[in-house]
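Right, one structure below, let's go through it.
What's counted below: heavy atoms across the whole structure, side chains too, no hydrogens, waters or symmetry copies.
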Amino acid sequence: MDIPRIFNITESAHRIHNPFTPEKLATLGAALRLETGTRLLDLGSGSGEMLCTWARDYGVIGTGIDMSQLFSEQAKLRAEELGVADHVTFIHGDAIDFVSDEKVGVAACLGATWIGGGVAGTIELLAQSLRPGGIILIGEPYWRQLPPTEDVARGCLAGSIADFVLLPEFLASFSHLGYDVVEMIVADQDSWDRYEAAKWLTMRRWLKANPDNEFAQEVRARLTTEPERYAAYTREYLGWGVFALMTRC
Ligand code: SAH
């Protein structure tokens with residue numbers, strides 16, 4: 001079981017597989033005012049940076065599930081590196097219907113809401129693991145500016161304009177689901193660059209090391225076109241943020 005190989009190539013050097021910097025991740029942790037010993041569940045935990053750094057900085061205890069074998073291994077190594085291996089557990093697997101045995105104070109899915117079939121489904125899935133009064137974290141794109149045409153939306157690698165909404169509408173959608181939005185941290189163009197531009201050096205080095213690999217042509221094509229595509233579309237039009245939700249009281 002694994003994710004498409006191309007992601008394991010282009011994001012092999014990423015610790016955060018989203019347009020967030022380590023500073024934004026730390027700001028999010030601080031914003032949530034986490035108490036030592038808070039339990040956290042992370043669906044699509046990637047290389048485990050959120051769980052590992054929050055275990056180190058805020059004393060959380062947590063479990064992450066991710067379908068990428070490479071990222072899951074990297075997460076375990078990171079936990080050892082930060083001295084938190086006894087606080088966090090990383091499971092390599094499909095999180096599609098994962099519900100934790102013990103209820104958690106924070107249930108998160110950052111940049112992987114297809115796991116629950118979209119934002120609403122993922123909130124429903126996470127809610128099954130949440131203790132009363134707990135916080136759900138959803139990391140998801142929205143339109144920073146509405147694309148003027150469907151071609152521009154596709155340039156952002158969205159299927160269509162209808163895939164995302166503007167930020168006010170997105171925040172309202174959580175309210176319609178019965179949740180209060182209690183915090184948010186959003187990406188900016190610099191943090192987008194850390195996610196996207198970091199892939200280019202990784203691809204360049206990978207190509208040099210793997211010229212005869214079956215993916216070499218695909219990686220070559222991406223490296224040639226990605227900087228311009230990203231600057232023209234994603235960087236201008238796509239927002240991304242993490243939204244903290246609590247059931248309305
Ligand atoms: N939340 C992490 C990773 C986001 S990238 C971070 O912010 O760094 C999306 C992640 O979802 C990838 O690590 C990918 O391997 C994982 N993923 C994709 N489908 C999945 C599934 N069905 N179950 C678990 N993880 C999945």
Side-chain angles (χ1 to χ4, degrees), residues 16-18 20 22 24-67 72 75 79 82 84-91 93-142 167 170-187 240-249:
I16 301 173
H17 304 270
N18 270 314
F20 252 24
K24 283 189 186 284
L25 203 53
T27 303
L28 176 63
L32 297 176
R33 304 171 211 167
L34 299 163
E35 281 168 28
T36 303
T38 299
R39 283 188 184 280
L40 211 145
L41 172 68
D42 190 9
L43 303 187
S45 44
S47 299
E49 193 67 3
M50 179 172 76
L51 276 174
C52 290
T53 55
W54 288 8
R56 179 194 61 191
D57 299 339
Y58 308 116
V60 305
I61 297 166
T63 303
I65 299 101
D66 198 280
M67 209 149 92
S72 304
L82 297 187
V84 295
D86 53 344
H87 280 72
V88 294
T89 308
F90 291 103
I91 301 168
D94 191 337
I96 189 161
D97 48 10
F98 190 91
V99 176
S100 62
D101 295 335
E102 207 167 342
K103 300 275 186 209
V104 299
V106 178
C109 181
L110 272 47
T113 53
W114 55 85
I115 287 174
V119 171
T122 299
I123 290 175
E124 238 173 81
L125 174 62
L126 292 171
Q128 293 176 49
S129 298
L130 200 67
R131 67 161 172 71
I135 291 178
I136 288 179
L137 295 179
I138 292 286
E140 184 73 4
Y142 58 88
L167 184 58
F170 194 40
L171 295 174
S173 73
F174 295 120
S175 177
H176 298 323
L177 293 170
Y179 285 87
D180 289 322
V181 181
V182 296
E183 257 296 358
M184 70 172 192
I185 309 282
V186 300
W240 193 88
V242 178
F243 305 92
L245 316 172
M246 294 176 78
T247 49
R248 188 163 296 142
C249 57

Tell me if a side-chain donor or acceptor on Arg248 pairs with a main-chain N or O of Ser175 at a distance below 3.5 Å.
yes
Considering all heavy atoms, the nearest His17-Ser47 contact
NE2-OG, 2.7 Å
Heavy-atom distance under 4.5 Å between the side chains of Ile61 and Val88, does that happen here?
no
Testing the basics here: between His87 and Ala55, what is the closest heavy-atom pair and its distance to 0.1 Å?
CB-CB, 4.1 Å
Which distance, rounded to the nearest 0.5 Å, do you find between the OG1 of Thr38 and the CZ of Arg131?
7.0 Å
N/O donor-acceptor pair under 3.5 Å between Ser129 side chain and Ser100 backbone
yes
Nearest-0.5 Å distance that lies between atom CZ in Phe98 and atom CD1 in Ile115
11.5 Å
Looking only at heavy atoms, the pair that brings Gly46 and Ala75 closest together is O-CB, 4.0 Å
If you define the side chain from C-beta out and look only at heavy atoms, does anything of Val106 sit under 4.5 Å from Val60?
no
Chi angles and distances behind the side-chain contact (heavy atoms from CB on, under 4.5 Å) call for Leu137, Leu32
CA-CA 10 Å; Leu137 295 179; Leu32 297 176; 3.9 Å; yes
Can you label the angle between the Phe174 ring and the Phe170 ring as parallel, tilted or perpendicular, going by 30° and 60°?
tilted
Test item: Asp180 side-chain N/O and Val182 main-chain N/O as donor-acceptor pair under 3.5 Å
no
Does the pair Ile138 and Leu126 meet the rule for a side-chain contact (heavy atoms from CB on, under 4.5 Å), with working shown?
CA-CA 10 Å; Ile138 292 286; Leu126 292 171; 4.0 Å; yes
Identify, with sequence neighbours excluded, every residue that meets side-chain contact (heavy atoms from CB on, under 4.5 Å) alongside Asp66.
Ser45, Ser68, Phe71, Ser72
Side chains of Ile65 and Leu43, heavy atoms from C-beta outward: is any pair under 4.5 Å?
yes
Are any side-chain N or O atoms of Trp54 and backbone N or O atoms of Leu25, one a donor and one an acceptor, separated by less than 3.5 Å?
yes
Residues in side-chain hydrogen bond (donor to acceptor under 3.5 Å, both in side chains) with Thr63, at least two apart?
none
4.5 Å side-chain heavy-atom contact, Leu40 and Met50
yes
Looking at residues at least two apart in the chain, or sitting in another chain, which of them share a side-chain contact (heavy atoms from CB on, under 4.5 Å) with Arg56?
Thr53, Leu82, Val84
For Gln128 and Lys103, the nearest pair of non-hydrogen atoms, with its separation, is O-NZ, 2.8 Å
Side-chain contact test, heavy atoms from C-beta onward, threshold under 4.5 Å: evaluate it for Thr36 versus Tyr58 and give yes or no.
no
Kindly compute the distance separating CG (Leu28) from CD1 (Ile185), expressed to the nearest 0.5 Å.
5.5 Å
Would you say CD1 of Ile91 has more than 12 non-hydrogen atoms from neighbouring residues, nucleotides or ligands within 6.0 angstrom?
yes
Can you tell if the side chain of Ile16 reaches within under 4.5 Å of the side chain of Lys24, non-hydrogen atoms only?
no
Is there side-chain contact between Phe20 and Thr27, with at least one heavy-atom pair below 4.5 Å?
no
Please check if the side chain of Asn18 supplies one atom and the backbone of Leu110 the other of a donor-acceptor pair under 3.5 Å.
yes
What's the spacing between Ile123 CD1 and Phe243 CZ if we round to 0.5 Å?
11.0 Å
How many angstroms lie between atom CG of Leu171 and atom CG of Leu245, to the nearest 0.5 angstrom?
9.5 Å
Tell me if the CZ atom of Arg33 is crowded by more than 12 foreign heavy atoms within 6.0 Å.
no
Let me confirm one number: the CE-CD1 distance from Met246 to Ile136, rounded to the nearest 0.5 Å.
10.5 Å
Can you confirm whether Ile135 sits close enough to Glu183 that some side-chain heavy atom of one is under 4.5 Å from a side-chain heavy atom of the other?
no
Step by step, would you call Glu140 with Thr122 a side-chain contact (heavy atoms from CB on, under 4.5 Å)?
CA-CA 11 Å; Glu140 184 73 4; Thr122 299; over 6 Å; no
